[in-house]
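Chain naming here is simple, since letters A, B, ... match the order of the sequence lines and numbering starts at 1 in each.
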Amino acid sequence: MKSAVVLLPGLNRDRDMIAALTKISGQAPATVWQTDTEIPDVDLIAIPGGFSFGDYLRCGAIAARMPVMRAVAEKAAKGVMVIGVCNGFQILVEAGLLPGALMRNASLKFVCREVKLQIANANTMFTRRYQPGQIIRTPVAHHDGNYFADADTLARLEGEGQVVFRYAEGTNPNGSINDIAGIISEKGNVLGLMPHPENLIEAAHGGSDGRALFEGALGIAA
Amino acid sequence: MIKARITVTLKNGVLDPQGKAIEHALSGLGFGGVGQVRQGKVFDLELAETDKVKAEADLKAMCDKLLANTVIENYAVEIA
């Protein structure tokens with residue numbers, strides 16, 4: 001299975017994402033720059049975390065309007081899997097590929113810590129290697145992870161199983177509505193989440209709870 | 001040339017933690033009787049366009065496409 005990583009100025013978790021995909025899939029992902037209008041033929045496109053365009057205007061707002069995101073939208077429409085982590089999640093909601101918005105943390109503080117994450121839907125391409133309701137550990141590091149959606153959108157997300165990850169055991173770090181940490185598109189191929197699974201994939205990271213997400217998406221045996 | 005001001009504000013019902021913090025800071029400074037505080041953004045733009053009707057349509061398109069996130073924000077366009 002092939003993957004690609006989207007690069008934008010101001011991202012800083014791109015190397016972590018490239019390392020994780022390389023280690024797990026056995027081959028280095030292709031990289032695409034913000035001005036690229038075409039993405040190679042891949043099974044998974046990853047948008048890493050960071051602070052694209054300095055978080056100017058709104059987090060992810062400028063990045064979402066760069067040419068490469070039109071190419072991502074075209075691939076997503078064809079069913080290619082897309083994962084956005086942290087700033088990548090913010091970019092996906094700003095681009096309209098996922099519903100809702102990510103607002104300033106309720107505490108107004110940047111949070112950098114480990115949280116407990118519950119697998120709220122284990123029946124997706126990304127979470128199929130986890131057990132339903134399983135609780136895993138993942139790091140978070142963000143200032144704007146407070147997920148918000150209007151009542152109708154929220155009811156639809158909850159009703160259709162589009163809430164994939166929830167902060168568990170009182171570890172919600174940002175005030176996110178319904179403890180939402182990650183959501184998936186209606187078609188089930190675009191996933192956005194605030195925590196960083198790519199930073200917990202091997203013993204040297206202190207655990208490998210995030211590894212199964214990439215193994216599931218890339219169809220790789222554990 | 002047309003000068004315009006765009007004001008972007010949070011929709012009702014959207015939590016505004018920054019507004020809340022400002023509200024607390026104001027009461028800490030001794031300003032009693034301050035109710036809800038909501039924080040927004042102001043953009044001042046200069047347009048080469050001279051037709052006000054066309055300028056207004058352009059400004060609204062700019063808000064919809066970039067300046068406001070209409071999931072959580074409202075905007076108002078004002079032409080000087």
Side-chain angles (χ1 to χ4, degrees), chain A residues 52-53 55-67 69-70 73 87 89-111 142-157 172-180 183 185 192, chain B residues 3-31 34-49 55-79:
Chain A
S52 58
F53 296 91
D55 280 349
Y56 292 172
L57 188 63
R58 297 176 304 273
C59 296
I62 312 275
R65 284 140 183 100
M66 296 308 291
M69 286 308 297
R70 279 199 292 276
N87 194 208
F89 184 15
Q90 295 162 342
I91 293 168
L92 288 173
V93 295
E94 277 286 346
L97 290 172
L98 288 171
L102 288 151
M103 308 193 49
R104 181 54 44 102
N105 294 345
S107 65
L108 295 176
K109 292 191 172 74
F110 188 96
V111 291
H142 60 252
H143 209 165
D144 299 77
N146 187 349
Y147 185 77
F148 174 85
D150 62 55
D152 290 348
T153 306
L154 196 61
R156 202 174 64 240
L157 288 174
N172 183 339
N174 52 39
S176 180
I177 198 161
N178 291 10
D179 295 324
I180 290 172
I183 57 169
S185 62
Chain B
K3 286 191 177 186
R5 172 163 285 187
I6 289 167
T7 310
V8 175
T9 50
L10 280 177
K11 286 184 178 174
N12 285 335
V14 174
L15 180 75
D16 180 10
Q18 294 174 104
K20 270 266 174 279
I22 294 164
E23 193 179 307
H24 290 308
L26 286 173
S27 78
L29 285 171
F31 292 105
V34 176
Q36 194 179 221
V37 177
R38 308 278 283 168
Q39 182 177 306
K41 291 184 189 124
V42 168
F43 302 89
D44 287 325
L45 291 90
E46 293 179 352
L47 304 182
E49 180 63 57
E56 190 173 353
D58 284 348
L59 289 160
K60 284 183 175 166
M62 290 177 205
C63 289
D64 287 326
K65 285 190 174 165
L66 179 65
L67 298 178
N69 178 349
T70 54
V71 174
I72 49 169
E73 293 168 328
N74 291 321
Y75 61 82
V77 172
E78 199 183 317
I79 292 177

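The local environment of NZ in B/Lys41 is crowded, with over 12 non-hydrogen atoms from other residues, nucleotides or ligands closer than 6.0 Å. When the shell of 6.0 Å around CG of B/Asn12 is examined, it contains 12 or fewer heavy atoms from other residues, nucleotides or ligands. Around the OH atom of A/Tyr56, the shell of radius 6.0 Å holds no more than 12 heavy atoms that belong to other residues, nucleotides or ligands.
When all heavy atoms are compared, the tightest approach of B/Leu67 to A/Arg58 is O-NH1, 3.0 Å. Taking both residues in full, the closest heavy atoms of B/Ile72 and A/Met103 are given as CG2-SD, 3.9 Å, listed atom of the first, atom of the second, then distance.
Interface check for chain A: of the options B/Asn69, B/Leu15, B/Val71, the most heavy-atom pairs under 4.5 Å are formed by B/Asn69.
Here the side chain of B/Lys20 pairs no donor or acceptor atom with the backbone of A/Ala106 at under 3.5 angstrom.
Contact annotation for B/Val14: both backbone and side-chain heavy atoms come within less than 4.5 Å of a heavy atom of chain A. In this structure, the portion of A/Asn146 lying under 4.5 Å from any heavy atom of chain B is its side chain and not its backbone. Proximity to chain B involves both the backbone and the side chain of A/Arg104, based on heavy atoms less than 4.5 angstrom apart. Heavy atoms of A/Leu57 lying under 4.5 Å from chain B belong to its backbone as well as its side chain.
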